[in-house]
Amino acid sequence: MKRVMLTVAYDGTNYHGWQLQPNVVTIESVLNEKLSGLLKEEIRVIGASRTDTGVHALGNIAVFDTAARMPAEKISYALNQRLPEDIRIQESREVPPTFHPRHQASKKTYEYKILNREFPVPLYRFYTHFTYVPLDVAQMQKAASYLAGEHDFKSFCSEHTAVETTVRMLYEITVEKAGDLITIRVTGSGFLYNMVRIIAGTLIEAGKGRLAPESLPDILNARDRAKAGPTAPACGLTLVKYTFSGLDG
């Protein structure tokens, strides 16, 4: 028996998120089905991040145990032959049997993309959030600067989120613009439910001039979801990568 780690990229448009749910197609359900068919045994993957409906990934992580003799590094090639075109394995490798992607110390990076122009572009509709209201990127950058570091992000997670603590560490948060495309990039030790989308929605409000950047410390201290901005749409969000402590490569 060996434990195999998959790096999974997907377009989340046509899926009801990552996690198994009854009567709908999810990323996890497709991986379980195709791996079980490939390896001729029942496979149940464990995902690192349970992304929501419409959220995309360049590097989500899943692990599973198998008794199959196929080398771990070859599984990616064989599995990609069976997967739909909007899901692709970027790497498969063997990891220690004790490795668990949700229990291992890690850094996770998300990007939220905003198309900011007068009219939408159809080719971007599934991968960006469109707004025609001009956004002041300098104000968004200033607001973002208050979120870096360790804080209680209770104001930036969905109400009734069941976690032991809402304290999280953001190692880096940047806002950059290239042409009509604004990218919010966030790297942290972990994220609360809808945290990145609420951060994006709050920074958009700052960019529109509806929220003063200097109010961010008060929003954090309030620990009240109603004080932060709206939850930005899922389509603009992509899980870019994971980095695990103590795992080479």
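Around NZ of K227, the count of heavy atoms belonging to other residues, nucleotides or ligands within 6.0 Å does not exceed 12. Around the NZ atom of K241, the shell of radius 6.0 Å holds no more than 12 heavy atoms that belong to other residues, nucleotides or ligands. No more than 12 heavy atoms of other residues, nucleotides or ligands shown are found within 6.0 angstrom of OH on Y124. Within a 6.0 Å radius of OH in Y171, more than 12 heavy atoms belonging to other residues, nucleotides or ligands are found.
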As a quick check of understanding, evaluate ring pair (Phe, Tyr, Trp, His ring centres under 6.0 Å) for F191 and F153, giving each step before the final call.
CA-CA 9 Å; F191 295 91; F153 283 95; 8.5 Å; no
How far apart are the C-alpha atoms of L115 and H129, what are their side-chain angles, what is the distance that settles it, and do they pass the side-chain contact (heavy atoms from CB on, under 4.5 Å) test?
CA-CA 6 Å; L115 185 64; H129 165 50; over 6 Å; no
H151 vs R168, side-chain contact (heavy atoms from CB on, under 4.5 Å): CA-CA, chis, key distance, verdict:
CA-CA 6 Å; H151 303 285; R168 294 292 185 272; over 6 Å; no
Given T109 and E172, is the side-chain contact (heavy atoms from CB on, under 4.5 Å) satisfied, shown in steps?
CA-CA 9 Å; T109 299; E172 185 177 21; over 6 Å; no
Does the pair L20 and R50 meet the rule for a side-chain contact (heavy atoms from CB on, under 4.5 Å), with working shown?
CA-CA 9 Å; L20 284 174; R50 299 165 181 168; over 6 Å; no
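Between Y112 and L203, the closest side-chain pair of non-hydrogen atoms is not below 4.5 Å. Side-chain atoms of I173 and I199, non-hydrogen and from C-beta on, do get closer than 4.5 Å to each other. Taking 4.5 Å as the limit, some side-chain heavy atom of L237 sits within range of a side-chain heavy atom of V196.
Ring geometry for F130 versus Y132: interplanar angle of 30 to 60°, hence tilted.
Other cluster members for I75: V4, L6, V8, Y10, Y15, W18, V25, I27, V30, L31, L35, L38, L39, I43, V45, F64, M70, L79, L83, I87, I89, joined by side-chain heavy-atom distances under 4.5 Å among Ile, Leu, Val, Met, Phe, Trp and Tyr.
Judged purely by atom type and a 3.5 angstrom limit, S36 has no side-chain atom pairing as donor or acceptor with the backbone of E42.
Distance CD/E150 to OG/S189: 7.5 Å, rounded to 0.5 Å. Here CD1 of I184 is found 11.5 Å from CD of E176. Values are rounded to the nearest 0.5 Å. Distance check, rounded to the nearest 0.5 Å: OG of S155 to CG of L216 gives 10.0 Å. Rounded to the nearest 0.5 angstrom, K108 NZ and S49 OG are separated by 4.0 Å. Summarising the geometry, atom OG1 belonging to T128 is positioned 10.5 Å from atom CG belonging to D180; distances are rounded to the nearest 0.5 Å.
Under the 4.5 Å side-chain heavy-atom criterion for grouping Ile, Leu, Val, Met, Phe, Trp and Tyr, V163 is connected to V186 within one hydrophobic cluster. Hydrophobic clustering, with ILVMFWY side chains joined whenever heavy atoms are under 4.5 angstrom apart, groups L192 together with F156.
Legend: residues meeting ring pair (Phe, Tyr, Trp, His ring centres under 6.0 Å) with Y127, ordered by chain and number and at least two apart, are H56. T166 is linked by a side-chain hydrogen bond (donor to acceptor under 3.5 Å, both in side chains) to D152, counting only residues two or more places apart in sequence or in another chain. N80 is linked by a side-chain hydrogen bond (donor to acceptor under 3.5 Å, both in side chains) to nothing, counting only residues two or more places apart in sequence or in another chain. With sequence neighbours left out, the side-chain hydrogen bond (donor to acceptor under 3.5 Å, both in side chains) criterion links E33 to no other residue. Shown here are the side-chain hydrogen bond (donor to acceptor under 3.5 Å, both in side chains) partners of T174, two or more places apart in sequence or in another chain: there are none.
Look at R210 and E205 and you find a salt bridge, because one of the NZ, NE, NH1 or NH2 atoms lies within 4.0 Å of a carboxylate O, short of that distance. R185 has a carboxylate O that lies under 4.0 Å from a charged side-chain N of E111, or vice versa, which qualifies the two as a salt bridge.
Exactly one of E94, E41, K2, R3 qualifies for a side chain to side chain donor-acceptor pair (under 3.5 Å) with T66. That residue is E41.
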